[in-house]
Every structure is written in C-alpha cells, then in structure tokens.
**Q** 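If you scroll down you'll find the structure; I have some questions about it.
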Amino acid sequence: MAAMMAQLRLSSKFQNNSYDHQQQHGGGGGSGKNNHRGGGGGGNDEGNDNNNNNKKPISSSDGFLGAAMFLNGWRDKVAVDPQFPFKVLMEELVGVTACVLGDMASRPNFGLNELDFVFSTLVIGSIMNFTLMYLLAPTTTLVTLPAIFANCPTSHMFQPGPFSLLHRLGTCVYKGTLFVAVGFAAGLFSTALSNGLIATRKKMDPDFQTPNKPPPTVLNATTWAIHMGLSSNLRYQTLNGIEFVLAKGASPLFFKSPVIILRIINNLVGGVSFVILARLTGSQSVVAITEEEKHRLVDGSQDD
C-alpha cells in the first residue's frame with residue numbers, strides 16, 4: 001500500500017512538472033493525419049515579463065550623481081579649510097599663468113615658435129592643478145585608503161596627527177600613484193587636442209608648417225604622468241605643509257599674500273621642470289631650421 005502511494009505521488013509530481021514545462025515553452029503539438037504533427041502551443045510570457053521587470057529604469061537623476069558627489073566633497077573640504085576656495089582660485093589664475101610663463105621661458109625664443117606645446121601646457125595645467133588641489137585637501141569625510149596605506153594620512157603627508165615618518169612617506173607614494181593616473185589621462189587628452197588643432201590649421205591653410213614635430217601621444221602622456229607623480233606630487237605636498245604652518249600663525253588677511261607668492265614660485269618651478277623632462281624623454285622636440293629655410297622665410301617676408 002505504501003509503495004502504491006509513493007508511486008501515485010511520483011506520478012503526480014511528474015505531471016505537474018510537465019505542465020509547468022508546457023506553460024513556459026509551449027505545449028507539444030498533437031499528432032494529425034499522415035503522421036504530421038500539429039503546431040505547438042504558445043509559451044508563457046512570464047519569463048520575458050520577469051526579465052523586463054528586472055531592468056533598472058534609467059533615471060534622469062543618475063546624470064547628476066557625479067556633480068552631487070563633487071559638491072558634497074567641495075563642502076567637506078571648505079568646512080575643514082575655509083581658505084580652500086581662495087587657494088583654488090589663486091592656483092587657477094596666478095598659478096597656471098606662472099606655469100605657462102615658466103614653460104615659455106624654458107623654450108627658445110620664449111616659446112613663440114612652440115605655441116602648440118605651450119597651449120598643451122595651458123590646458124593640461126588647468127586640469128591637473130585643480131586635481132592636485134582637490135585630492136590633497138583635507139576633508140571631514142572618513143576616507144578609507146587601501147590596506148597597505150590604511151594607517152597613513154588621508155590628505156597629504158604633512159597632515160596633523162600621530163603619524164610616523166614611514167606612514168607619511170606612504171601617503172606621498174599613494175598620492176603619487178593617483179597623480180600618475182591623472183597625469184596620463186590628462187596628457188592623452190591634451191596631446192590629442194593639440195594635434196587636432198594643428199591638423200585643423202593645416203586643412204584651413206595648406207601652406208602652414210609648424211616648426212615642431214607633433215608629440216607622440218602615448219610618450220607625451222607618459223611624460224606628464226612622470227611629472228605629476230614626481231615633481232608635482234613632491235611640490236604640492238610640501239606646499240600644503242607650508243600653508244598649514246602659515247594658517248596656524250597668520251591672520252586670514254595676511255595669509256593670502258604668502259599663498260599667492262608660494263603658488264607663483266611653485267608653478268614657475270613646475271613649468272621649467274616639465275620642459276626639462278619633456279626634452280629628456282623626447283616627447284616634445286623642435287625641428288631644427290636650416291640656413292636655407294631661414295633665408296627662404298626672410299625672403300618671403302620681404303616680398304610681402
């Protein structure tokens with residue numbers, strides 16, 4: 001009797017599974033005359049409905065998520081350092097100008113024959129100077145660093161706190177890796193923009209000849225990455241430490257003057273150091289003009 005009940009339960013379970021299978025995939029067609037099978041029944045659309053329901057609807061607010069995160073980060077940094085907006089403003093106005101002047105002063109003829117390279121420095125300097133300021137500024141938000149840097153200062157190596165020399169150096173290394181990535185990405189963008197402008201100029205003026213070879217995109221981006229990871233990282237880490245000491249002992253009004261002076265010096269050094277590095281790596285080189293070309297250019301200008 002027990003064996004019979006078990007067989008009935010097994011048979012009922014098999015029938016239920018068959019029914020569910022037919023609902024999902026369509027019932028099998030019946031057998032017609034001359035052994036031709038009939039068409040199968042339509043499957044259940046429940047599976048498709050479930051797939052459609054699982055798709056996350058695209059919300060218009062997702063596009064503003066990055067901007068909201070940036071604004072929250074900005075507020076946190078201003079809460080810790082009320083002088084932060086002034087520092088950023090001076091960095092973008094005075095600092096970038098000094099960087100470009102230092103770049104031009106390191107080139108022959110004050111960079112007038114290399115304006116494409118100078119423009120590249122202007123664009124990438126504006127992007128990276130802000131990035132350096134933003135990433136090194138202290139914040140009220142709890143920041144979690146990778147495990148190997150877990151006990152290191154989260155903002156810059158001179159951040160106040162009971163940190164050992166090894167931990168402060170760890171912050172310098174960690175921030176340096178971030179700056180390398182930012183420098184490489186900004187270098188790609190800036191080089192592509194500079195080369196694109198040169199190509200556009202040549203299309204508009206077929207006789208236009210630039211005295212410089214177009215910089216190799218990857219090599220130029222790598223040069224910017226090295227510059228960011230070494231020169232910029234060390235300079236801005238030190239600059240943050242000096243400004244922290246000044247902020248503790250100077251009034252807010254007196255504090256502004258040293259900030260302007262320090263950022264002018266810092267960016268002048270940065271502009272000069274980049275040109276030296278670019279010459280060493282060969283990412284930016286000037287095509288030598290022969291005496292014949294000089295005479296041709298002079299004769300052409302006299303004819304005009």
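Since the model is a prediction, treat every value here as computed from it, not as a measurement. Throughout, numbering of the chain's residues begins at 1 and tracks the sequence. These numbers come from the heavy atoms of this one structure, side chains and all, not from hydrogens, waters or symmetry mates.
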**Q** Supply the atom-to-atom distance Asn233 CG to Lys175 NZ, rounded to the nearest 0.5 angstrom.
**A**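 Taking CG in Asn233 and NZ in Lys175, the distance rounds to 9.5 Å.
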**Q** With the side chain counted from C-beta on, respond yes when Tyr236 and Leu135 share a heavy-atom pair under 4.5 Å apart, and no when they do not.
**A**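 Side-chain contact under 4.5 Å: no.
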**Q** Look at the aromatic rings of Phe158 and His156 and report parallel, tilted or perpendicular, splitting at 30° and 60°.
**A**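 Aromatic pair Phe158/His156 classed tilted.
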**Q** The test is side-chain contact (heavy atoms from CB on, under 4.5 Å); show your working for Val78 and Arg75 and say whether it passes.
**A** CA-CA 5 Å; Val78 174; Arg75 294 191 192 100; 5.8 Å; no
**Q** Output, in order, the C-alpha distance, side-chain angles, deciding distance and verdict of side-chain contact (heavy atoms from CB on, under 4.5 Å) for Cys172 and Leu234.
**A** CA-CA 8 Å; Cys172 186; Leu234 294 176; 3.8 Å; yes
**Q** Could you give me the CA-CA distance, side-chain angles and deciding distance for Leu136 and Phe179, then say whether side-chain contact (heavy atoms from CB on, under 4.5 Å) is met?
**A** CA-CA 10 Å; Leu136 290 176; Phe179 297 155; 3.8 Å; yes
**Q** Around atom CD1 of Ile148, are there more than 12 heavy atoms from other residues, nucleotides or ligands closer than 6.0 Å?
**A**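 It does not: Ile148 CD1 has 12 such atoms or fewer within range.
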**Q** Any donor and acceptor pair, going by atom type alone, linking the side chain of Thr191 with main-chain N or O of Leu188 inside 3.5 Å?
**A**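 Side chain of Thr191 to backbone of Leu188: no pair is present.
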**Q** Are Leu262 and Leu246 close enough that some pair of their side-chain heavy atoms sits under 4.5 Å apart?
**A**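 In contact.
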**Q** Strictly distance-based, threshold 3.5 Å: is any side-chain N or O of Gln237 a donor or acceptor partner for the main-chain N or O of Met157?
**A**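 Pair found, side chain donor or acceptor close to backbone of Met157.
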**Q** Rounded to the nearest 0.5 Å, what's the gap from OG1 on Thr154 to OH on Tyr174? Could you check?
**A**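 So the gap between those two atoms works out to 10.0 Å.
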**Q** Hey, quick one: are Phe163 and Leu169 part of the same hydrophobic cluster, counting side-chain heavy atoms closer than 4.5 Å, chains of contacts allowed?
**A**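 Hydrophobic grouping puts Phe163 apart from Leu169.
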**Q** For a side-chain contact (heavy atoms from CB on, under 4.5 Å) check, start with the C-alpha distance between Phe86 and Ile260, then their side-chain angles and the critical distance, and finish with the verdict.
**A** CA-CA 10 Å; Phe86 174 75; Ile260 296 175; 4.1 Å; yes
**Q** Are side-chain heavy atoms of Thr222 and Val218 found at a separation under 4.5 Å?
**A**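 When only atoms from C-beta onward are counted, Val218 and Thr222 do touch, with a gap below 4.5 Å.
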**Q** Got a second to check how far His227's NE2 is from Ser283's OG, nearest 0.5 Å?
**A**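 The NE2 atom of His227 sits 11.5 Å away from the OG atom of Ser283.
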**Q** With heavy-atom distances below 4.5 Å as the criterion, would you say the side chains of Val88 and Trp74 are in contact?
**A**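 Yes, close enough: below the 4.5 Å cut-off.
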**Q** Give me the atom names and distance for the closest heavy-atom approach of Ala221 to Gly187.
**A**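 For Ala221 versus Gly187, the nearest heavy atoms are CB-C, 3.8 Å.
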**Q** Consider only side-chain heavy atoms of I, L, V, M, F, W and Y, link residues closer than 4.5 Å, and tell whether Val118 and Phe110 are in one cluster.
**A**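 Yes: a chain of side-chain contacts under 4.5 Å links Val118 to Phe110.
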**Q** Is there a donor-acceptor pair closer than 3.5 Å between any side-chain N or O of Ser273 and the backbone N or O of Val269?
**A**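 Yes, because the side chain of Ser273 sits within donor-acceptor range (under 3.5 Å) of the backbone of Val269.
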**Q** To check you understand the geometry: which heavy-atom pair defines the closest contact between Met128 and Ala186, and what is its length?
**A**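 Met128 and Ala186 have their closest heavy atoms at CG-CB, 4.0 Å.
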**Q** Would you check if Asn267 and Val96 make a side-chain contact, meaning some heavy-atom pair closer than 4.5 Å?
**A**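 A side-chain contact is absent here, since even the closest heavy-atom pair is not under 4.5 Å.
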**Q** Does Gln159 reach the main-chain N or O of Pro138 with its side chain, forming a donor-acceptor pair under 3.5 Å?
**A**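 Side chain of Gln159 to backbone of Pro138: no pair is present.
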**Q** Given 3.5 Å as the limit, does a donor-acceptor pair link the side chain of Thr223 with the main chain of Ala278, or not?
**A**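 Side chain of Thr223 to backbone of Ala278, a donor-acceptor pair under 3.5 Å: no, none is there.
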**Q** Do Lys203 and Thr200 touch side chain to side chain, with heavy atoms closer than 4.5 Å?
**A**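 They are not in side-chain contact.
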**Q** What about Phe84 and Phe130, same hydrophobic cluster or not, with Ile/Leu/Val/Met/Phe/Trp/Tyr joined at side-chain heavy-atom distances under 4.5 Å?
**A**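 In one cluster: yes.
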**Q** Roughly how far apart are Phe274 CZ and Ile226 CD1, rounded to 0.5 Å?
**A**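 CD1 of Ile226 is found 10.5 Å from CZ of Phe274.
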**Q** Taking atom types as modelled, find out whether Arg263 and Asn266 have a side-chain donor-acceptor pair closer than 3.5 angstrom.
**A**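 No.
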**Q** Roughly how far, to the nearest 0.5 Å, is CG of Asn220 from CG of Asn195?
**A**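 These two atoms lie 8.5 Å from each other.
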**Q** Is it possible for you to say whether Phe184 and Ile124 belong to one hydrophobic cluster, with membership spreading through side-chain heavy-atom contacts below 4.5 Å?
**A**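 No, Phe184 and Ile124 fall in different hydrophobic clusters.
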**Q** For the hydrophobic clusters of this structure (ILVMFWY residues joined by side-chain heavy atoms under 4.5 Å, transitively), does one cluster hold both Val80 and Leu239?
**A**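 Different clusters: Val80 never reaches Leu239 through Ile, Leu, Val, Met, Phe, Trp or Tyr contacts under 4.5 Å.
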**Q** So Trp224 and Leu277, do their side chains get closer than 4.5 Å, heavy atoms only?
**A**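 Result no, sub-4.5 Å side-chain heavy-atom pair not found.
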**Q** Under a 3.5 Å threshold, yes or no: a donor from one side chain and an acceptor from the other, between Arg235 and Ser232?
**A**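 Yes - a donor-acceptor pair under 3.5 Å links their side chains.
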**Q** Take the angle between the ring planes of Tyr134 and Phe70 and call it parallel below 30°, perpendicular above 60°, tilted in between.
**A**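 Rings of Tyr134 and Phe70: parallel, as their planes differ by under 30°.
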**Q** With the side chain counted from C-beta on, respond yes when Lys87 and Asp81 share a heavy-atom pair under 4.5 Å apart, and no when they do not.
**A**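 The answer is yes; the side chains approach within 4.5 Å.
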**Q** Report the distance from atom OG1 of Thr217 to atom CZ of Phe189, rounding to the nearest 0.5 Å.
**A**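 Interatomic distance, Thr217 OG1 to Phe189 CZ, rounded to 0.5 Å: 13.0 Å.
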